[in-house]
Amino acid sequence: MPVRPLPGGHAAAARRFGPVLGTERAEQVRTAAETMAVGALFLAFSLPLVTAGAAWCAAAEVVAGWHEEREAPLLRTFASVVRRDLRAGLALQAAVLGVLAATWLEVHAVLDSRIPGRPAEAAALVLLGAAAVALALLAAACRASDRTSWAGALRTAVRLAGAAPGTLPLVVTALACVAALVATIPAFAGFMAGPLAYAVSVAAVRAARREQAAR
């Protein structure tokens, strides 16, 4: 049986039932909700700590599928990818933690010294460390998108960063925003990995499209 439209169309529906979301706005709300769900699952699967890298690989694979209009089941994808990429995730996790530890030690050594211009040098070291972490996250996004090896993904990430020079600064900015939000409201740590994974994935996709357009 055909459904008869309400008198007055959408305006009457909005007055009677509240505002009606447009298609684009509804898609934005759905994407935001799904990225937060990805962040919550990342936190849940990272609880043993040693699985944090593999959980990031799972988050990267989920959001990479969205760009291909592929809706992977979240819980099942996380479970399978964490099992599959446990060793690779450990390597990624060790690399990121190593960069963070080295940056922290170097920054403290510079700030505790008496060399002139130490605040500027410390800031440069922080940016260098953040760029290294951003490159690792970008490589994870490239690996999830291209389904290639880590070596190939790292080469792709370096190539995309050179082809689109704004890619790494965008990822660094996303990292800084997430860190600032979590520092301000610690409860945000429960889901911010999802929006970060989505931001990194979008940066990788845009850089790849820019590279293709330049050919």
Side-chain angles (χ1 to χ4, degrees), residues 23-25 27-39 41-42 45 52-74 76-78 80-82 84-85 87-96 99-100 127-179 191-215:
T23 303
E24 183 177 355
R25 181 59 60 84
E27 183 66 21
Q28 291 172 351
V29 171
R30 186 180 70 87
T31 300
E34 288 185 346
T35 55
M36 288 188 287
V38 169
L41 283 174
F42 168 81
F45 278 87
W56 180 264
C57 294
E61 187 158 320
V62 168
V63 297
W66 295 347
H67 299 295
E68 302 170 0
E69 298 183 354
R70 176 169 47 85
E71 294 287 342
L74 296 183
R76 191 186 310 166
T77 300
F78 265 84
S80 62
V81 173
V82 167
R84 184 194 70 196
D85 288 347
R87 290 184 179 179
L90 277 172
L92 173 65
Q93 186 175 344
V96 170
V99 168
L100 292 177
L127 288 176
L128 185 62
V133 172
L135 185 63
L137 299 185
L138 190 65
C142 293
R143 178 175 178 266
S145 177
D146 298 339
R147 295 175 177 82
T148 184
S149 64
W150 277 106
L154 184 58
R155 288 193 296 268
T156 300
V158 171
R159 190 183 72 245
L160 292 180
T167 303
L168 279 186
L170 281 175
V171 178
V172 169
T173 302
L175 283 168
C177 290
V178 168
F191 59 84
M192 285 306 297
L196 178 60
Y198 185 71
V200 175
S201 180
V202 168
V205 169
R206 288 182 176 178
R209 290 175 180 173
R210 183 172 178 178
E211 183 189 41
Q212 292 175 356
R215 290 177 181 176

Could you go through residues 159-177 and list every donor-acceptor pair under 3.5 Å that involves a side-chain atom there, pairing it with any protein atom two or more places apart or in another chain?
unit_1	atom_1	unit_2	atom_2	d
Arg159	NE	Glu211	OE2	2.6
Thr167	OG1	Ala164	O	2.8
Thr173	OG1	Pro169	O	2.7

Nearest atoms (heavy-atom pairs only) where [X] meets [Y]:
X: Gly89; Y: Cys57; answer: CA-SG, 4.5 Å
X: Gly53; Y: Leu92; answer: O-CD2, 4.2 Å
X: Ala60; Y: Ala140; answer: CB-O, 4.0 Å
X: Val38; Y: Phe78; answer: O-CZ, 3.7 Å
X: Ala136; Y: Val96; answer: CB-CG2, 4.1 Å
X: Arg143; Y: Thr148; answer: CG-O, 3.3 Å

Discussion item. Run the side-chain contact (heavy atoms from CB on, under 4.5 Å) test on Trp66 and Thr35 for me, step by step, so that the C-alpha distance in whole Å, both residues' side-chain angles and the decisive distance to 0.1 Å come before the verdict.
Written reply: CA-CA 11 Å; Trp66 295 347; Thr35 55; 3.6 Å; yes

Fill in: Arg147: salt bridge (Lys or Arg N to Asp or Glu O under 4.0 Å) partners, not counting sequence neighbours
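With sequence neighbours excluded, Arg147 shows a salt bridge (Lys or Arg N to Asp or Glu O under 4.0 Å) to Glu68, given in chain and number order.
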
Practice prompt. Using modelled atom types only, decide if a donor and an acceptor are shared between the side chain of Ser80 and the backbone of Arg76 within a distance under 3.5 Å.
Written response: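 Yes.
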
Practice prompt. Output, in order, the C-alpha distance, side-chain angles, deciding distance and verdict of side-chain contact (heavy atoms from CB on, under 4.5 Å) for Trp56 and Leu196.
Written response: CA-CA 10 Å; Trp56 180 264; Leu196 178 60; 3.8 Å; yes

Discussion item. Taking CZ in Arg209 as the centre, count heavy atoms belonging to other residues, nucleotides or ligands within less than 6.0 Å. Is the count above 12?
Written reply: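 No, not enclosed.
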
Worksheet entry | Note, Val62 side chain near Phe42 side chain (heavy atom, < 4.5 Å) |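 When only atoms from C-beta onward are counted, Phe42 and Val62 do not touch, as no gap falls below 4.5 Å.
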
Practice prompt. Could you list the residues that satisfy side-chain hydrogen bond (donor to acceptor under 3.5 Å, both in side chains) with Ser201, not counting sequence neighbours?
Written response: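 Residues passing side-chain hydrogen bond (donor to acceptor under 3.5 Å, both in side chains) with Ser201: His67.
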
